[in-house]
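Letters A, B, ... mirror the listed sequences (proteins, then strands); counts begin at 1.
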2 protein chains.
Amino acid sequence: MLEEVQLSTFYTDNEKLLVAVDSVIFGYEDGQMKLLLFKRKIEPFKDKWSLIGRFVSPKEDIREAASSVLYDYTGLKNIFLEQLFTFGKVFRDPGSRVISIVYYSLTRINDFEKKVVEKYDSKWFSLNEIPELVLDHSEMVSKARMKLIEKTQQYPIGIDLLPEKFTMPQLFNLYQSLYDRKLDDRNFRKKIEGMNILKKLNEKDKRTSKKGAFLYKFDKKKYNQLLKKGYDFRI
Amino acid sequence: MLEEVQLSTFYTDNEKLLVAVDSVIFGYEDGQMKLLLFKRKIEPFKDKWSLIGRFVSPKEDIREAASSVLYDYTGLKNIFLEQLFTFGKVFRDPGSRVISIVYYSLTRINDFEKKVVEKYDSKWFSLNEIPELVLDHSEMVSKARMKLIEKTQQYPIGIDLLPEKFTMPQLFNLYQSLYDRKLDDRNFRKKIEGMNILKKLNEKDKRTSKKGAFLYKFDKKKYNQLLKKGYDFRI
DNA sequence: GCAAAAGTGTTTTCACTACACCCATGA
DNA sequence: TCATGGGTGTAGTGAAAACACTTTTGC
């Protein structure tokens, strides 16, 4: 109660606005980057494809709001989540004047998650098959895709997109799919090994070849050391 | 009136919040990057140093709000202005729950502008002499400074910070001051000339030496071509 | 034994670094 | 004539690019 009083003492002459958070959720599966979309549950544009989001209440931090949306619809906690951009045109939403603060996140698409996701009338789309979206959500997605590519230069995003144990060919395919061009596999290995942020395990993944590919793990300690020095993660 | 009706049809169950824009204004003068700060005019924290900003009205785009603040307090229009980040912790402002969308901008500090600025109880501070600021404004500034350095990698920010005609030593000093370290002047020239985005003029600036330094202009056409290809502007 | 994916080295090329001296001019 | 800032070239180093063959093994 005291808080309430404190918080309403000033600025009383100014008009308030609706504020929402929306999330662009990326995942990686079958050698492709994917995007999680939802059937919108409210008017206007009910049942059209949309990002997931909700209104921010006066009692929660905006990041908290984004992270709780994520948890509610995917069951995931503590995953990569970063603010992208705030959309604030007057008529961006015909339903009302709404400021939308957009976050993007990176997840591993796995079986558990799929079940939660199916419950909410949602679907993973490959990046080249994204349907028309409500409001300015397509613009949000395209900004997020650009940001994602930028992000690869400062951060080894494989950490969040691949399973804990992964093979070199998997990592290689991830980067090819992200950059949308062919890379040289030998140079790729050299570059990655030069970074020295992977631990090679004594196990092999034999699902995709007879020979089998060695499994690796990210070494988060070494990664954090590099990050402090401002390492350049470009491939 | 029709608009009003349209805009209030949906989402009526949700609580609204105060939304503000704040601007981090950078300038360059006397070989130093500077920051424009203002004495806060409202309670709480009246008369403390602060970024400039104001509340967003329901009838204006957020970018419009940021750009009009800038115009009101510096007299400048059409200058570099980009969204930085949105701050939205519940208690970031003890005056009330306020979402703050922060923009940053780059300007040329010139005599005209100075007069407008003096009128508003404001002052340019060198980056290493920034006083304590109200609320979370110091965090905003430090985020803006990091962004500024990032930005130099994708954009020749000299365009917005230097006068239209400038000398190589001026540009060189700007980058040294931005990166806060000594650079090699010969390598710097080579790099810049390699980019091929400057036009060398047939005039010299003799204010700082007897020999005089050639003046250059940015060639915006060539710059835009490079930008499309995703050129790397790192020094 | 062969198909299919995994894994490995060398040479070339190019960009970045380091480094020191001459030039033009006003006072 | 000299002090001051402006301007230039070259050799060395290291990272990135280009490029093709061998290994493993389930079928």
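Atom CG in Leu161(A) sits 5.5 Å away from atom CG in Leu174(A) (nearest 0.5 Å). To the nearest 0.5 Å, atom NZ of residue Lys200(B) and atom CG of residue Leu215(B) are 11.0 Å apart.
Between the side chains of Asn224(A) and Lys221(A), no donor N or O sits under 3.5 Å from an acceptor N or O. Judged purely by distance below 3.5 Å, without hydrogens or angles, the side chains of Thr167(A) and Asp205(A) never pair a donor atom with an acceptor atom.
Residues from residues 176-195 of chain A that place a heavy atom under 4.0 Å from any atom of DNA chain D, listed by number: Asp184(A), Arg186(A), Asn187(A), Lys190(A), Lys191(A). Contacts between residues 199-212 of chain B and DNA chain C, defined by a heavy-atom separation below 4.0 Å, involve Lys206(B), Lys210(B), Lys211(B), listed by number.
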* What do the steps show when you test Gln32(A) against Ser126(A) for side chain to side chain donor-acceptor pair (under 3.5 Å), and what is the final call? -> CA-CA 7 Å; Gln32(A) 288 200 305; Ser126(A) 291; 2.8 Å; yes

* Kindly determine whether Tyr104(A) and Glu82(A) satisfy side chain to side chain donor-acceptor pair (under 3.5 Å), including the steps that lead there. => CA-CA 6 Å; Tyr104(A) 72 108; Glu82(A) 201 174 85; 2.9 Å; yes

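Applying the side chain to side chain contact (heavy atoms under 4.5 Å, CB included) test between Gln83(B) and each of Val21(B), Val102(B), Ile62(B) identifies Ile62(B) as the sole match.
When DNA chain C is scanned 5' to 3' for any atom under 4.0 Å from a heavy atom of chain A, the first and last hits are dA5(C) to dT10(C).
Cation-pi geometry between Lys123(B) and Phe125(B) is satisfied (NZ or CZ under 6.0 Å from the ring centre, within 45° of the ring normal).
Toward the 5' end of DNA chain D, the nearer of the two residues Ile235(A) and Thr167(B), judged by each one's closest nucleotide, is Thr167(B).
Classification of the Phe80(A)-Tyr155(A) ring pair by plane angle, with boundaries at 30° and 60°, yields tilted. Ring geometry, Phe188(B) versus Phe172(B): the interplanar angle exceeds 60°, so the pair is classed perpendicular (tilted spans 30 to 60°).
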